[in-house]
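Below: one structure, written as structure tokens.
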Protein chains: 2
Amino acid sequence: MGDTLILKSTKIPEERIRARNEAKILKAAVDLFSRKGFDGTSITEIARISSLPKANVYYYFPKKNDIYTRLIEKVMAGWDKALEHITLEREPRAALSDYVKAKLEYSRDNAIESRFFANEMLRGGQFFSALQKAHMRSVTRKHVEVLNHWIAAEKMVAVDPNHFFMMLWGATEYYANFSILATETLEKQKLGKKDFEAAHATIMKTIIHGCLT
Amino acid sequence: MGDTLILKSTKIPEERIRARNEAKILKAAVDLFSRKGFDGTSITEIARISSLPKANVYYYFPKKNDIYTRLIEKVMAGWDKALEHITLEREPRAALSDYVKAKLEYSRDNAIESRFFANEMLRGGQFFSALQKAHMRSVTRKHVEVLNHWIAAEKMVAVDPNHFFMMLWGATEYYANFSILATETLEKQKLGKKDFEAAHATIMKTIIHGCLT
DNA sequence: AAATAAGTTGACACTATCGTCAAGTTTTGA
DNA sequence: TCAAAACTTGACGATAGTGTCAACTTATTT
């Protein structure tokens, strides 16, 4: 009763000017960082693209690092979402199909974020905190265990789960990270829904049956 | 007789000072470009890393573009080497095995070059000339035809060859481009010979048999 | 040996970016 | 309504990087 929250008709400041401007800055920044990397992106340009004065950008983010690490956190927050499909109780086929689908959808809908993260990895991943690394490792380990369980139950052949995941990551993230190569390869301007479906079909067919006769 | 070439005991200038210094510059540059990208790499830093005065760098390469495009040419010169394994006369299994092996070896031995190229693709590929794109497209097309031939001969199941190649590119290049993620996943400091062998085994087993039972 | 070509490099003017600051304006909460 | 907090922003000094140039040195050719 004492905990009843009285809603005011006015939004709290957190949801108004600061939130709005930080979002503008982060939106401009993720695009620039994804193309030019940390070193090649200037606050001056982030300011220009977000239509805010440079000093205003400094007001919200005192250092370029702060923008960058905020973006890393945002990307990492969604990193393992697709892996939720991979659980002990599920059958491998359905689980992996859903996983690949989710990964390709991420590539389709979050190409800039994917490229931002890829750029940081090319750069050496120094902004990738020990905490984030540990989290990634622990989540991967957990899902490697699921694969090992499937292998032990003979629902899956004996492959190295770590390498298997990396194969899937490389294959699915390719469509976001190297979309210009994908478009070149497919000889079109832009990847469409059918391309992602074809990608899914190819990957799944390969995983389920293999490709050789 | 008038065409007889008289060899001098002295090497031609092309092979001495210019070649040596250009190599130093390119070596420093490829590393910097692979991490910081075109925009984040300065001539000042290239000069410092190559232990040459900045004006000297300008002497050999009048613009940063010239260094960059030279590197792109070098990378592109070797781009399709691995694809030589994919020919009509070969059996798919051996051909693909050799191809994946060659791609993983490239990832192992040319990780910096791979990352340099990846960085340029993240950046948008503007330095990737129309000529180079056309070459890549034509070589890819040719090898897509080989796969289609195998499919028609029922040596290979009906998958989309373009997507199949992209799946292989993503999977094999992952070990170079995102080697820090690979090392995190495998919980080691550095990828070794056995890791590349395990990668090859996983990819090939998946391609040959699929992974599900 | 002398002339020519190639290579070296310190110093410099210019430009873009960084980061700061204080004055001013707007928003919020009491 | 007023005070405090949050936000805005032009201007500025410092710095890093860019690109140039001419004098000098070394290497090569005649």
Side-chain angles (χ1 to χ4, degrees), chain A residues 4-29 31-33 35-71 123 127, chain B residues 2 4-71 119 123 127:
Chain A
T4 305
L5 183 63
I6 310 294
L7 291 178
K8 306 263 186 187
S9 62
T10 319
K11 294 187 182 182
I12 62 172
E14 188 77 40
E15 296 181 355
R16 293 211 313 119
I17 298 179
R18 173 171 278 274
R20 196 179 69 223
N21 285 337
E22 285 185 359
K24 286 175 78 172
I25 292 163
L26 293 172
K27 185 171 191 296
D31 179 58
L32 288 164
F33 284 137
R35 289 186 286 110
K36 301 187 173 188
F38 179 81
D39 307 285
T41 298
S42 64
I43 295 283
T44 301
E45 196 171 12
I46 293 175
R48 193 173 63 244
I49 303 295
S50 54
S51 306
L52 290 169
K54 187 174 50 159
N56 209 185
V57 174
Y58 278 104
Y59 174 76
Y60 290 106
F61 296 95
K63 295 164 61 179
K64 185 157 70 165
N65 291 14
D66 299 326
I67 305 174
Y68 202 74
T69 51
R70 177 79 76 80
L71 286 167
R123 194 175 172 280
F127 283 92
Chain B
T4 304
L5 183 64
I6 310 293
L7 292 178
K8 308 269 187 181
S9 61
T10 318
K11 294 187 182 182
I12 62 172
E14 187 79 39
E15 296 181 354
R16 293 215 309 121
I17 298 179
R18 172 171 278 275
R20 198 179 67 226
N21 285 337
E22 286 184 0
K24 286 175 79 173
I25 292 163
L26 293 171
K27 184 172 191 296
V30 73
D31 180 58
L32 289 164
F33 285 137
S34 72
R35 290 186 285 109
K36 301 186 174 189
F38 179 81
D39 306 284
T41 298
S42 63
I43 295 282
T44 302
E45 195 170 12
I46 293 174
R48 192 173 65 245
I49 303 294
S50 54
S51 305
L52 290 170
K54 187 172 50 153
N56 210 183
V57 175
Y58 278 105
Y59 175 76
Y60 290 106
F61 296 95
K63 295 165 58 178
K64 186 158 69 165
N65 291 15
D66 299 326
I67 305 176
Y68 202 75
T69 52
R70 178 79 74 80
L71 285 167
N119 197 300
R123 193 173 173 280
F127 282 93

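Predicted model only: the values in this text are computed from it and were never measured. Residue numbering restarts at 1 for every chain, and letters A, B, ... go by the order of the sequence lines.
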Output the rounded distance in Å from CD1 (B/I43) to C1' (C/dA16).
16 Å
Nearest whole Å is fine: how far is D/dG17 C1' from B/K63 NZ?
17 Å
At under 4.0 Å, does any side-chain N or O of B/N56 touch on OP1 or OP2 of C/dT8?
yes
Below 4.0 Å: OP1/OP2 of C/dT8 and any side-chain N or O of B/N21
yes
Basic-acidic side-chain contact under 4.0 Å: A/D31, A/R35
yes
Without decimals, in angstroms, what is the distance between A/I17 CD1 and C/dT27 P?
6 Å
Base of C/dG19 paired with side chain of A/K54 (donor-acceptor, under 3.5 Å):
yes
Whole-Å distance, A/I46 CD1 to C/dG19 P, equals 11 Å
Once you round it to whole Å, what is the distance between P of D/dT18 and CG of B/N65?
12 Å
Kindly say whether A/T41 contributes a backbone atom to a donor-acceptor pair with the side chain of A/K64 at under 3.5 angstrom?
yes
Let me know, please, whether A/A55 or A/R48 comes out on the 5' side of the other along DNA chain C by nearest nucleotide.
A/R48
Phosphate OP1/OP2 of C/dT20: any A/Y59 side-chain N/O under 4.0 Å:
no
Assess the residue pair A/R48 and A/K54 against the criterion (side chain to side chain contact (heavy atoms under 4.5 Å, CB included)); give the C-alpha distance rounded to whole Å, side-chain angles, the decisive distance to 0.1 Å, and a yes or no.
CA-CA 8 Å; A/R48 193 173 63 244; A/K54 187 174 50 159; over 6 Å; no
Tell me: OH of A/Y58 to C1' of D/dT9, nearest whole Å?
14 Å
With the side chain counted from C-beta on, respond yes when B/I43 and B/I67 share a heavy-atom pair under 4.5 Å apart, and no when they do not.
yes
Calculate the interatomic distance between A/L52 atom CG and C/dT26 atom P; express it in whole Å.
16 Å
Quick one: does any side-chain atom of B/S50 pair with a main-chain N or O of B/A47 as donor and acceptor, under 3.5 Å?
yes
Heavy atoms under 4.0 Å, any strand shown: does B/T44 hit a base, just sugar-phosphate, or nothing?
base
Grab the CZ-C1' distance between B/R18 and C/dA5 for me, whole Å please.
12 Å
